[in-house]
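Letters go in sequence order (proteins before strands), and every chain restarts at 1. Since the structure is predicted, the reported quantities are computational estimates derived from the model, not experimental observations.
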Protein chains: 2
Amino acid sequence: MARKQGSHSDITGPKVREAALRLIARHGYAAVSMRQLAAEVGVQAGALYNYTPDKQTLLYDLMHDHLVDVIESFDKADPKSDANSRLRAFVSFHIRYHLPRADAVFVAYMELRNLEPENFAAIEKLRRAYEDRLEAILRQGEAEGAFAMQDARVATRAIIGMLTGFFTWYRQEGRLPLEEVEAIYWDLVGKAVAR
Amino acid sequence: MARKQGSHSDITGPKVREAALRLIARHGYAAVSMRQLAAEVGVQAGALYNYTPDKQTLLYDLMHDHLVDVIESFDKADPKSDANSRLRAFVSFHIRYHLPRADAVFVAYMELRNLEPENFAAIEKLRRAYEDRLEAILRQGEAEGAFAMQDARVATRAIIGMLTGFFTWYRQEGRLPLEEVEAIYWDLVGKAVAR
DNA sequence: CATCTAACTGAACATCTGTTCATTTGAAAA
DNA sequence: TTTTCAAATGAACAGATGTTCAGTTAGATG
């Protein structure tokens with residue numbers, strides 16, 4: 001019955017999501033109209049509603065799917081060994097995973113304000129789940145006697161902020177190769193929580 | 001000639017700026033209409049144009065004045081002595097200055113996208129000027145042999161990110177008194193750049 | 001008191017907003 | 001070739017947008 005090949009929906013669908021990420025990252029959710037988005041996709045505004053029930057749900061889905069993927073991917077990358085190896089893996093993963101997804105990171109980070117309350121709560125939960133991964137590593141390090149810090153929760157926030165701030169400028173800079181930035185960050189993070 | 005006392009402009013003017021900071025921090029520049037802002041001030045939309053030539057200039061002025069004040073205030077707080085004292089002063093200043101100005105920080109940080117190109121360039125220059133203060137301290141510390149890091153510029157960005165991320169969550173948390181958060185951050189920053 | 005004017009109103013403007021839906025299109029399926 | 005239907009169009013909707021401006025108001029000034 002349903003056409004699987006030749007259908008445009010499996011072309012237009014991803015196009016809508018990509019264009020939405022790009023435009024929202026660039027201009028902000030509220031500043032991007034459905035007509036702008038449609039033009040970017042090469043379609044009329046009405047056609048977008050074959051791919052999302054409304055604008056708000058489109059934003060929510062973009063953020064939700066990104067965060068779910070971040071968490072799943074980290075859980076695969078996590079060596080689950082000693083705290084020092086795990087922290088190093090976290091820093092490396094975070095930088096390498098987020099770099100090619102700068103738009104999604106930016107949207108998930110900057111557009112929390114534009115989520116309706118229930119959507120906000122759901123996204124906040126996912127964001128927290130990712131942070132909890134890092135906090136667990138820091139606490140393991142304390143227990144092992146490898147790390148020492150005054151407050152693991154604050155340290156978690158500080159490290160996340162440090163790494164996330166990275167994506168607000170790396171694009172433009174380009175002065176350093178990724179491997180080097182990763183090494184520099186590992187140096188800073190490792191020393192900050194060292195005993 | 002011009003009325004100085006009894007005039008409302010010296011009441012309404014600040015009110016407009018305060019309300020704009022509050023609403024824009026909460027909902028974003030694009031999502032706040034001039035009519036919403038006017039209602040918050042207790043005035044009709046047309047009256048706002050006694051205080052700003054247009055919406056874009058209002059945003060620019062809020063960001064500009066905030067950043068100029070940050071830089072001036074830091075230059076006064078800077079002990080201009082050894083690098084370690086200066087870095088400690090920077091961390092302390094940054095947290096203490098920004099905390100009671102959370103809305104302004106948020107706007108200056110989140111609304112860069114909504115500035116027209118020339119305004120963006122001007123604000124970016126100010127932002128950079130503040131970061132350069134920190135970078136100079138780190139380089140002084142390297143020269144003194146007090147600090148060691150792989151790249152002062154990246155370390156600057158990392159520390160700024162770490163401190164700025166602070167304001168995205170401190171409001172809600174409230175678990176810790178300011179003095180304690182300041183001490184925790186100093187511990188992290190100091191160790192991260194230590195030799 | 002009468003005058004003056006900064007401050008504000010309220011209506012108007014052209015245009016844009018998200019969303020809906022009857023209609024058309026075109027390519028795969030029969 | 002004819003049928004079928006997912007996908008897209010394009011017009012319409014009710015209301016919101018930033019901004020302008022002639023007119024009103026109220027309080028200090030002379």
Side-chain angles (χ1 to χ4, degrees), chain A residues 1-21 23-24 26-63 107 111 113-119, chain B residues 1-21 23-24 26-63 107 111 113-119:
Chain A
M1 287 291 171
R3 273 183 300 174
K4 288 284 161 57
Q5 277 192 347
S7 163
H8 290 183
S9 72
D10 46 356
I11 295 171
T12 308
K15 258 189 166 181
V16 168
R17 300 172 60 88
E18 283 155 28
L21 276 180
L23 289 179
I24 294 173
R26 204 100 59 205
H27 305 111
Y29 170 78
V32 175
S33 73
M34 294 301 267
R35 268 169 261 258
Q36 263 176 65
L37 175 55
E40 187 85 359
V41 174
V43 107
Q44 293 298 316
L48 296 178
Y49 291 84
N50 289 321
Y51 303 97
T52 184
D54 48 57
K55 195 188 178 192
Q56 168 72 201
T57 305
L58 176 58
L59 175 63
Y60 172 76
D61 286 343
L62 291 173
M63 295 171 81
V107 169
E111 301 297 349
R113 289 181 297 187
N114 291 300
L115 290 172
E116 284 158 13
E118 351 167 21
N119 290 340
Chain B
M1 285 291 171
R3 271 183 302 174
K4 289 285 162 57
Q5 277 192 345
S7 164
H8 288 184
S9 72
D10 47 356
I11 295 170
T12 308
K15 258 189 165 181
V16 168
R17 300 172 59 88
E18 283 156 28
L21 276 180
L23 289 179
I24 295 174
R26 203 98 59 205
H27 307 296
Y29 170 77
V32 175
S33 73
M34 293 301 268
R35 268 168 261 258
Q36 263 175 67
L37 175 54
E40 187 84 0
V41 174
V43 104
Q44 292 299 311
L48 297 178
Y49 291 83
N50 290 321
Y51 302 97
T52 183
D54 48 56
K55 195 188 177 190
Q56 167 73 202
T57 304
L58 175 59
L59 175 64
Y60 172 76
D61 286 342
L62 291 173
M63 296 171 81
V107 169
E111 301 297 347
R113 289 181 297 186
N114 291 300
L115 290 172
E116 285 159 13
E118 351 168 18
N119 290 339

| Nearest-Å distance for atom pair CG/C1', residues B/L58 and D/dG18 | 13 Å
| From A/I24 atom CD1 to A/M63 atom CE, the distance as rounded to the nearest 0.5 Å | 9.5 Å
| task | Would you kindly give the CG-to-C1' distance between B/D54 and D/dC21, to the nearest whole Å? | result | 17 Å
| query | Rounded to the nearest Å, what distance is computed from the CG atom of residue A/N50 to the P atom of nucleotide D/dC5? | reply | 17 Å
| Check: A/L59 and A/V107 side chains under 4.5 Å, non-hydrogen atoms | yes
| said: How close do A/E40 and A/L23 get, counting heavy atoms only, and between which atoms? | reply: CB-CD1, 3.9 Å
| message | With rounding to the nearest 0.5 angstrom, report the CE to CG distance, B/M34 to B/L58. | response | 6.0 Å
| query | Between atom NZ in B/K15 and atom C1' in C/dC8, what is the gap in whole Å? | reply | 13 Å
| message | With a 4.0 Å cut-off on N to O distance, would you call B/E111 and A/R113 a salt bridge? | response | yes
| Quick one: CG on B/D10 to NZ on B/K15, what's the gap to the nearest 0.5 Å? | 12.0 Å
| Between C/dT19 (P) and A/Y51 (OH): distance, integer Å | 17 Å
| field | Separation of D/dG18 P from B/E116 CD (nearest whole Å) | value | 14 Å
| Is the side chain of B/Y29 donor-acceptor paired with the backbone N or O of B/Q56 at a distance under 3.5 Å, no angle test? | yes
| task | Report the distance from atom CG of B/D10 to atom C1' of C/dA6, rounded to the nearest whole Å. | result | 11 Å
| query | Does a side-chain N or O from B/T12 land closer than 4.0 Å to OP1 or OP2 of C/dA7, or not? | reply | no
| Angle, rounded to 10°, between the helical axes spanning five pairs at each terminus of the helix from C/dT3-D/dA28 to C/dA30-D/dT1? | 10°
| field | Spacing of A/Q56 atom CD relative to C/dG18 atom P, expressed in whole Å | value | 12 Å
| Pairwise distance CG(B/N114) to NZ(B/K55) - rounded to 0.5 angstrom | 8.0 Å
| said: Are A/V16 and A/T52 packed together at the side-chain level, in the sense that at least one heavy-atom pair is separated by less than 4.5 angstrom? | reply: no
| Selection: residues 33-49 of chain A, any non-hydrogen atom under 4.0 Å of DNA chain D | A/R35, A/V43, A/Q44, A/G46, A/A47
